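Have a look at the structure below before the remarks.
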Number of protein chains: 2
Amino acid sequence: MNIYDIAREANVSIATVSRVLNDSAKVRDITRQKVEAVLKKYNYIPSAIARGMVTNSLKTIGIVTIDIRNLYYANVAHSIEQSLSALEFNTILCNTGYDNEQKLKYLRMLVEKKVDSIILVGSPFKDPVLDKPIEQISKDIPIIIINGLYEHPNIYSVRCDDKKALETSVEYLVSKGRKNFLYLYDAETFSANQKLLGFKNAVSRFNVNSEIFLVKPGLEPAYSKVKELLDSGFDFDAVVTSEDLTAIGALKCLIANNIRVPEDVSVIGFNNSVLSVCCTPALSTIDSRMEELGRIAVKVLHKVLKGEKAENDTIIDAELILRETT
Amino acid sequence: MNIYDIAREANVSIATVSRVLNDSAKVRDITRQKVEAVLKKYNYIPSAIARGMVTNSLKTIGIVTIDIRNLYYANVAHSIEQSLSALEFNTILCNTGYDNEQKLKYLRMLVEKKVDSIILVGSPFKDPVLDKPIEQISKDIPIIIINGLYEHPNIYSVRCDDKKALETSVEYLVSKGRKNFLYLYDAETFSANQKLLGFKNAVSRFNVNSEIFLVKPGLEPAYSKVKELLDSGFDFDAVVTSEDLTAIGALKCLIANNIRVPEDVSVIGFNNSVLSVCCTPALSTIDSRMEELGRIAVKVLHKVLKGEKAENDTIIDAELILRETT
DNA sequence: CTGTTAGCGCATTCAG
DNA sequence: CTGAATGCGCTAACAG
């Protein structure tokens, strides 16, 4: 069933059917009703593909993440999908993992499917290997990168001020009398580097001691690292991390070793995920405002799609959430 | 740029270009190389829309969930997306929330976009209001429902044996000497009913006491409920829930009230999400094998799409994961 | 093995 | 306000 069938039954031309389907132009009321009756009778749904053939758009956006099981990505993706849906856009979800080959494969798929734009979630997408292809794509469609910085025409950055966030954390802990910091981070992306930079800035500014370690993502690696540090007699009274899960690993190790939190050691995580309220004591953390980032990304995109001028780099502030580990 | 441009530059017909693009038929090696050279020169990517116009498929599947921020949905969705991607299919993600209007809107969008199939994740999609539209859609494309039962041609169920899982939990706790059970559940869907049924079966079979309460989803409502029960002097030595987060709410309340877990009270959650290892003590829980469900769903779908006969209702067993709360 | 041709279902001129 | 005609880029017969 297509508009020809509808047109025939309604005794009008396909152009008229198309018009009422999109109410794109004036159609006499009586004609419209005639057509609508037939449309309803068959519960007719037009083909977005055929429309896309003409308009060269499926009203679909690709959203590219590392792994949607990660709460951070899930939250941003959800926010994006919802904002987009309100604008009548659909979302193609891509979980690329960390492998660049996979990322390229997905990017290609999205181009094939003629998405109206691609939203890259997370800084792992700012990578030398990907730069060329991404810039190539940006010649045809706008690209938004969340929590990555990409200075290139038609590529828009929307991010949270990670650097400042870490500075704020350290500052707060210093104000509480903490003097010996441990920083655990689990990635070496743009965003991770910003956090690290913020941490380093702050400890040097406040002139406190600090040790920094890169650990594998997850709870276990952080647990082991802290255990190792404890065993080696390393002394610290504050743990700051780049991820909630890492913080929780550290926290669990401290508790297991009868170190009181927050009396002896303070802990601050990052992201304000559900995880942070599940542990005991509940984790103080930094809210990186994932939903807000998603919303802004779509807002920027919408502007660009409408041909309006949009901010090339939007930065919002994170927020320190104090719970029981500080 | 389209296949005409490629054809012209390679001095062949568009049919030949199409053939090498899909390697659908024998093409002389020398011709193929000629074409491929031009293809590479322009880094040509064919339009899936135009192809879809002819084949009536975009090699895209709709996956419909309540909310991807929920770890359960995120895990299943991830598994589906990955399995699908390996089959060269893309995934349109839909977060419908609980509102039926929204669900219908998404369903319509997916039909418009001519998806090859729709995968419904979670039992909230087995609802009288949705039955008609879903059955209508199933006339054109296969539908898979994960953790819901839908007996209808071209609709396939893939689910975890929730009933048995709950029976196993209770049985285990009884074997540990527990006699007074509290069951907290947070939804009234098909899946939730199965769990409830399993719980009831088991407590009656083992002849132990039980109280059952419906609470709102989340950590807080469970916490409050348990607090209320404790204050009222209600006596219990085992808490079983339909969700990890609910279990954690209960657990936190017990701990806060100096009730020892698992010495005084045992707790078992459901889903084996990351949350279960974040709390202290770590939560014993039921692994509902979300990744496996996603994988099987895609396997079933793939069969159907290839025109092979597939199982209408696939059931797998959950697994009891013992950690520190039992 | 390769080329010609006819649609796929729709939006969009351009006439009337 | 409405209709006829055109083409979007590709696949799939069908010829040769």
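Within every chain, numbering begins at 1; the chains are lettered A, B, ... in the order of the sequence lines, protein sequences first and strands thereafter. As the structure is a computational prediction, the values presented were derived from the model and not from experiment.
B/S83 is not listed as a side-chain neighbour of B/F89, based on a closest heavy-atom distance of 4.5 Å or more.
Within a 6.0 Å radius of NZ in B/K299, no more than 12 heavy atoms belonging to other residues, nucleotides or ligands are found. No more than 12 heavy-atom neighbours from other residues, nucleotides or ligands sit within 6.0 angstrom of NZ on A/K303.
Applying the salt bridge (charged side-chain N to carboxylate O under 4.0 Å, His left out) test to every pair with at least one member in residues 84-101 of chain A, sequence neighbours left out, gives these pairs: A/E88-B/K105.
A heavy-atom distance below 4.0 Å to DNA chain C is reached by these residues of residues 7-16 of chain A, ordered by number: A/I14, A/A15. Of the residues in residues 33-60 of chain A, those placing a heavy atom less than 4.0 Å from an atom of DNA chain D are A/M53, A/V54, in numerical order.
Residue A/D23 contributes atom CG, which lies 13 Å from atom P of C/dT12 at whole-angstrom precision. Here the P atom of nucleotide C/dA11 and the CG atom of A/L21 are 6 Å apart, to the nearest Å. The separation between B/R19 atom CZ and C/dT4 atom P is 11 Å, rounded to whole Å. Protein atom CD1 of B/I6 is 15 Å distant from nucleotide atom P of C/dG3, rounded to whole Å.
Remark: A/K306 engages A/H302, A/E308 in a side chain to side chain contact (heavy atoms under 4.5 Å, CB included) (not counting sequence neighbours). By the side chain to side chain contact (heavy atoms under 4.5 Å, CB included) test, B/N271 pairs with B/Y72, B/E243, B/D244, B/S288, sequence neighbours left out. Residues satisfying the side chain to side chain contact (heavy atoms under 4.5 Å, CB included) criterion with A/E188, sequence neighbours excluded, are A/Y185, A/L214. Under the side chain to side chain donor-acceptor pair (under 3.5 Å) criterion, B/R289 pairs with no residue, sequence neighbours left out. Residues forming a side chain to side chain contact (heavy atoms under 4.5 Å, CB included) with B/L149 (at least two apart in sequence, or on another chain): B/E151, B/S157, B/R159, B/F190, B/D313. Judged as a side chain to side chain donor-acceptor pair (under 3.5 Å), and not counting sequence neighbours, the contacts of B/R8 are B/D5.
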(request) Apply salt bridge (Lys or Arg N to Asp or Glu O under 4.0 Å) to A/R51 and B/E112, showing your working. (result) CA-CA 10 Å; A/R51 173 180 296 144; B/E112 255 186 71; 3.7 Å; yes
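For A/N2 and C/dC8, the shortest distance from a side-chain N or O to OP1 or OP2 is not below 4.0 Å.
Taking the 5' to 3' direction, DNA chain D first and last meets chain A under 4.0 angstrom from a heavy atom at D/dC1 to D/dG9.
The two residues B/S138 and B/I155 make their nearest non-hydrogen contact at CB-CG1, 3.7 Å.
A rotation axis mapping the C1' atoms of four pairs onto the next four is fitted at both ends of the helix from C/dC1-D/dG16 to C/dG16-D/dC1 over five pairs, and the angle between these axes is 40° to 10 degrees.
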Donor-acceptor pairs are to be reported for all side-chain atoms of residues 38-46 of chain A against protein atoms at under 3.5 Å, with residues two or more places apart or in another chain.
from	atom 1	to	atom 2	distance (Å)
A/K41	NZ	A/E9	OE2	2.7
A/Y42	OH	A/E9	OE1	2.9
A/Y42	OH	A/E9	OE2	3.2

